[in-house]
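Numbering of residues begins at 1 and proceeds along the displayed sequence. Predicted model, so just to flag it, every value in this text is computed and none were measured.
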Amino acid sequence: MDKFTTLTGVAAPLAIDNIDTDMIIPKQYLKTIKRTGLGAGLFAEMRYREDGSEHPDFVLNKPAYRKASIIVGGHNFGCGSSREHAPWALLDFGIRCVIATDFADIFYNNCFKNGILPIKVSREDHAKLMDDAERGANATLTIDLPAQEIHGPDGGVVKFELDAFRKQCLIEGLDHIDLTLVEATAIEAHEKKAAAAHPWR
């Protein structure tokens, strides 16, 4: 998992409440267990017309936001089913951070497992950040994870809270497998001890 320390990038405004995981990645894209290639299906039903052409009015199709790495979303972001393909699709598109007032629990947890930082902010701060994100080419935010700060284009700063363990995992780029491998020496020693104590196993 890629490490996350600071991120400076364009923030796309997606001012829609209750964005569910089916909107993030529709069901027809769930046939794969690969984490790559899903960016093309991100928000597919909003990004594309029936003939496959782009909806020019959808935010990620606008020139200023095509390379967005941050989304300022609406309230209750990531609700719906538990599909882990949702953060996979965001990450494959290039999104490393989602900012909202609140998130569905499973989606929130899945983001951390895949190297995406979901940031919860107050409604007041959310309104400021949405305004920043609506500035088109000037919609650049800097996320400073160690300091737990969001820096806006005009120099404004929004502080955010985050669980210390999850923060450290993102900074070090550790997913659940990596966390297990950190203890590889202790696990190997335990297995040898158990084998010696129970040789018939």
Side-chain angles (χ1 to χ4, degrees), residues 1-12 14 19-27 29-44 60 65-73 76-100 102-121 129 133 140-151 158-188 190-191:
M1 191 168 78
D2 290 339
K3 295 180 180 180
F4 191 121
T5 51
T6 60
L7 169 68
T8 297
V10 171
L14 197 57
I19 290 178
D20 64 33
T21 51
D22 189 51
M23 293 168 69
I24 296 171
I25 185 73
K27 60 184 180 301
Y29 294 92
L30 305 186
K31 298 174 183 177
T32 181
I33 57 171
K34 294 181 180 178
R35 300 187 185 201
T36 57
L38 290 170
L42 181 68
F43 299 116
L60 295 180
Y65 297 108
R66 284 186 178 274
K67 294 186 178 180
S69 56
I70 302 164
I71 286 178
V72 180
N76 194 32
F77 196 98
C79 57
S81 69
S82 61
R83 63 188 66 171
E84 196 168 4
H85 291 68
W88 292 355
L90 287 164
L91 193 62
D92 192 61
F93 183 87
I95 303 298
R96 292 296 311 276
C97 177
V98 180
I99 302 169
D102 56 359
F103 295 87
D105 287 343
I106 295 175
F107 174 82
Y108 186 75
N109 292 329
N110 281 339
C111 281
F112 288 105
K113 293 176 184 177
N114 290 281
I116 296 174
L117 172 60
I119 298 177
K120 298 179 184 180
V121 295
L129 293 166
T140 301
L141 300 178
T142 294
I143 313 298
D144 185 335
L145 178 55
Q148 294 178 211
E149 294 177 345
I150 304 168
H151 295 256
V158 171
K159 293 271 192 180
F160 62 90
E161 298 297 319
L162 191 64
D163 173 79
F165 175 72
R166 285 172 164 162
K167 173 182 175 179
Q168 199 60 34
C169 286
L170 283 175
I171 289 173
E172 295 183 18
L174 300 175
D175 61 18
H176 284 187
I177 294 173
D178 295 321
L179 284 168
T180 302
L181 292 177
V182 167
E183 303 297 334
T185 302
I187 292 169
E188 185 178 352
H190 172 76
E191 289 177 343

Practice prompt. Could you name each residue pair satisfying side-chain hydrogen bond (donor to acceptor under 3.5 Å, both in side chains) that touches residues 84-100, not counting sequence neighbours?
Written response: Glu84-Asn114, Trp88-Asn114
Worksheet item: For Ser69, what residues pass the side-chain contact (heavy atoms from CB on, under 4.5 Å) criterion, not counting sequence neighbours?
Response: Leu7
Discussion item. List the residues meeting side-chain contact (heavy atoms from CB on, under 4.5 Å) with Ala12, not counting sequence neighbours, and say none if there are none.
Written reply: Val59, Leu60, Tyr65, Ala68
Item to complete: Grab the two heavy atoms, one from Gln148 and one from Lys167, that are nearest each other, plus how far apart they are.
Response: OE1-NZ, 3.1 Å
Practice prompt. Locate the shortest heavy-atom distance separating Ala104 from Cys79; write the atom from each residue and the value.
Written response: CB-CA, 3.5 Å
Discussion item. Applying side-chain contact (heavy atoms from CB on, under 4.5 Å), can you list everything that pairs with Lys31, at least two apart in sequence or on another chain?
Written reply: none
Fill in: Heavy-atom check, side chain of Pro87 versus side chain of Phe107, under 4.5 Å
yes
Practice prompt. Using ring pair (Phe, Tyr, Trp, His ring centres under 6.0 Å) as the criterion, list what pairs up with Phe103, not counting sequence neighbours.
Written response: Tyr108
Worksheet item: Can you tell me how far the CZ atom of Phe43 sits from the CD1 atom of Ile19, to the nearest 0.5 Å?
Response: 5.0 Å
Worksheet item: With sequence neighbours left out, which residue pairs that include part of residues 141-150 fulfil the salt bridge (charged side-chain N to carboxylate O under 4.0 Å, His left out) condition?
Response: Glu149-Lys159
Worksheet entry | Check against side-chain contact (heavy atoms from CB on, under 4.5 Å), Asp2 and Leu91 | CA-CA 11 Å; Asp2 290 339; Leu91 193 62; over 6 Å; no
Worksheet item: Residues two or more places apart in sequence or in another chain: which of them pass side-chain contact (heavy atoms from CB on, under 4.5 Å) with Ile106?
Response: Ser82, Asn110
Worksheet item: Of all heavy-atom pairs between Thr21 and Ala86, which one has the smallest distance, and what is that distance?
Response: CG2-CB, 3.9 Å
Worksheet entry | Contacts of type side-chain hydrogen bond (donor to acceptor under 3.5 Å, both in side chains), residue Asn76, not counting sequence neighbours | Asn18
Discussion item. Could you measure the distance from the CZ atom of Phe4 to the CD1 atom of Ile171? Nearest 0.5 Å is fine.
Written reply: 9.5 Å
Discussion item. For Thr5, give me all partners under side-chain hydrogen bond (donor to acceptor under 3.5 Å, both in side chains), at least two apart in sequence or on another chain.
Written reply: none
Worksheet item: About how many Å separate CD1 of Ile119 and CD1 of Ile143, when rounded to the nearest 0.5 Å?
Response: 4.5 Å
Worksheet item: Can you name the closest pair of heavy atoms from Ile25 and Leu42 and give their distance?
Response: CD1-N, 4.2 Å
Practice prompt. Over all heavy atoms of both residues, which pair between Leu141 and Ala11 is shortest? Give the atoms and the distance, please.
Written response: CD1-CB, 3.6 Å
Worksheet item: When rounded to the nearest 0.5 angstrom, what is the spacing between CD1 in Ile71 and CZ in Phe93?
Response: 7.5 Å
Worksheet, complete the sentence: Heavy-atom nearest pair, Ile70 first then Gly9, reads CD1-O, 3.8 Å
Discussion item. For a 4.5 angstrom cut-off between non-hydrogen side-chain atoms, does Ile99 reach Val158?
Written reply: no
Practice prompt. For Arg83, enumerate each residue passing the salt bridge (charged side-chain N to carboxylate O under 4.0 Å, His left out) test, keeping only those at least two apart in sequence or located in another chain.
Written response: Asp22
Worksheet item: Going from CG on Leu38 to CG on Leu30, what distance comes out if it is rounded to the nearest 0.5 angstrom?
Response: 8.0 Å
Worksheet, complete the sentence: Between the CD1 atom in Ile116 and the CD1 atom in Ile95, the distance rounded to the nearest 0.5 Å is 8.5 Å
Worksheet item: With sequence neighbours excluded, what pairs up with Arg166 under the salt bridge (charged side-chain N to carboxylate O under 4.0 Å, His left out) test?
Response: none
